Protein chains: 2
Amino acid sequence: MTKNAEQILEIVTNSKEHLSAEQIFMRMKETTKGVALATVYNNLSYLYKEGLIRKISVEGYPDRYDNIRRHDHLVCRCCGKLSDIQLEDLTELLQKQVGGAMLSYDLKINYICEDCKRKRDSESEGIMHYED
Amino acid sequence: MTKNAEQILEIVTNSKEHLSAEQIFMRMKETTKGVALATVYNNLSYLYKEGLIRKISVEGYPDRYDNIRRHDHLVCRCCGKLSDIQLEDLTELLQKQVGGAMLSYDLKINYICEDCKRKRDSESEGIMHYED
DNA sequence: GAAATAAATTAGAATTATTCCAATTCTTAT
DNA sequence: ATAAGAATTGGAATAATTCTAATTTATTTC
């Protein structure tokens with residue numbers, strides 16, 4: 001594990017947000033001079049393959065990276081908003097079914113967030129036809 | 001729901017594979033003349049937001065689309081290979097925890113496929129140092 | 001059923017994300 | 001210190017996706 005990889009792992013692990021490669025790159029630049037975006041991508045890909053970080057893809061956003069502490073995600077199907085949610089650990093339950101090949105699992109719960117719900121409602125009002 | 005949207009939904013729903021926007025576009029062209037890739041993207045995004053299809057993002061591939069019949073996915077962390085797997089339905093279990101806002105869930109099981117395991121092994125052999 | 005309005009689609013440009021590659025720098029072991 | 005290997009850089013190339021303005025198609029309304 002190189003110094004850069006280590007720093008990237010640290011940034012991802014300590015961030016409360018879900019950072020994109022670009023964002024991680026910007027944070028790195030704050031402390032280290034002369035890092036290349038390609039290096040960030042290289043190392044993210046390495047860290048991901050090693051199972052040290054996870055990757056989350058959501059409609060309308062670039063891929064983002066997250067720590068591997070056990071937690072799940074709530075994703076708004078409409079605007080892509082992503083939040084953490086702590087659900088029951090299903091590792092055992094799933095391992096029983098999948099077998100030893102399983103390394104980990106990622107669970108996303110789809111929903112429609114309040115903002116989008118509101119927006120939908122007001123839109124459908126908008127196209128209402130008031131006959132009189 | 002427009003005719004194009006309907007056709008795209010049908011292609012995604014009936015396909016055994018996990019198709020990308022580009023692939024769906026190519027299938028559409030077989031039957032319909034003068035469809036634009038942008039239309040495919042528009043409609044995929046619409047269908048996704050309506051919850052009529054799901055979207056799967058995997059390392060190293062463009063986003064792909066899938067039907068919403070209850071099933072889960074097995075993803076090789078190394079090469080991105082994606083396969084279907086039918087695990088126990090967790091809807092009730094999760095709904096109890098998440099509440100009524102939940103629309104559906106997506107579960108990905110991470111593992112390392114046989115090919116990648118083999119490749120890893122032979123690589124680590126390669127860098128072995130035989131002292132004598 | 002023609003005109004007016006709205007919605008969907010097109011083609012292609014623009015943008016963004018990501019990968020690739022050749023040249024350079026840094027490490028490590030000798 | 002030097003050679004060999006690995007990691008990184010910077011920028012170009014590619015690929016995916018979005019955007020936009022113009023056009024077509026569908027839907028209302030009279």
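Treat the numbers as computed from the prediction; the structure is a model and nothing was measured. Chain naming here is simple, since letters A, B, ... match the order of the sequence lines and numbering starts at 1 in each.
Checked for salt-bridge contact, A:Lys108 and B:Asp106 miss the test: no charged N lies under 4.0 Å from a carboxylate O. The pair A:Glu22-A:Lys29 does not count as a salt bridge, with every side-chain nitrogen at least 4.0 angstrom from each carboxylate oxygen. Taking the charged nitrogens against the carboxylate oxygens, A:Glu10 and A:Lys3 have no contact shorter than 4.0 Å, which rules out a salt bridge. With respect to the salt-bridge test (charged N to carboxylate O, under 4.0 angstrom), the residues A:Lys117 and A:Glu114 qualify.
For D:dT8, the OP1/OP2 oxygens have a side-chain nitrogen or oxygen of A:Asn4 closer than 4.0 Å. Proximity of A:Thr2 to the phosphate of D:dT8: a side-chain N or O atom is located under 4.0 Å from OP1 or OP2.
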Go along nucleotides 14-25 of chain D 5' to 3' and tag each nucleotide: B for a protein heavy atom under 4.0 Å from its base, S when only backbone or sugar atoms are that close, - otherwise.
--SBBB------
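If you measure from atom CD of A:Gln7 to atom P of D:dA7, you get 17 Å, rounded to the nearest angstrom. A:Met28 places its CE atom 13 Å from the C1' atom of D:dT9, with the value rounded to the nearest Å. Note: NZ (B:Lys33) to C1' (C:dT10) measures 13 Å, nearest angstrom. Rounded to an integer number of Å, the gap from A:Met1 CE to C:dC26 C1' is 18 Å. Between the OH atom of A:Tyr48 and the C1' atom of C:dA17 there is a distance of 17 Å, given to the nearest Å. Between the C1' atom of C:dA7 and the CG atom of B:Asn43 lies a distance of 12 Å, rounded to the nearest Å. Here C:dA8 presents its P atom at 13 Å from CD1 of B:Ile8, a figure rounded to the nearest Å. Atom CD1 of A:Ile24 and atom C1' of C:dA17 are 14 Å apart (whole Å).
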From CA spacing to verdict: side-chain contact (heavy atoms from CB on, under 4.5 Å), B:Ile56, B:His73
CA-CA 9 Å; B:Ile56 325 171; B:His73 292 115; 3.5 Å; yes
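Contact between A:Ser57 and A:Asp63 at its shortest, heavy atoms only, is OG-OD1, 2.8 Å.
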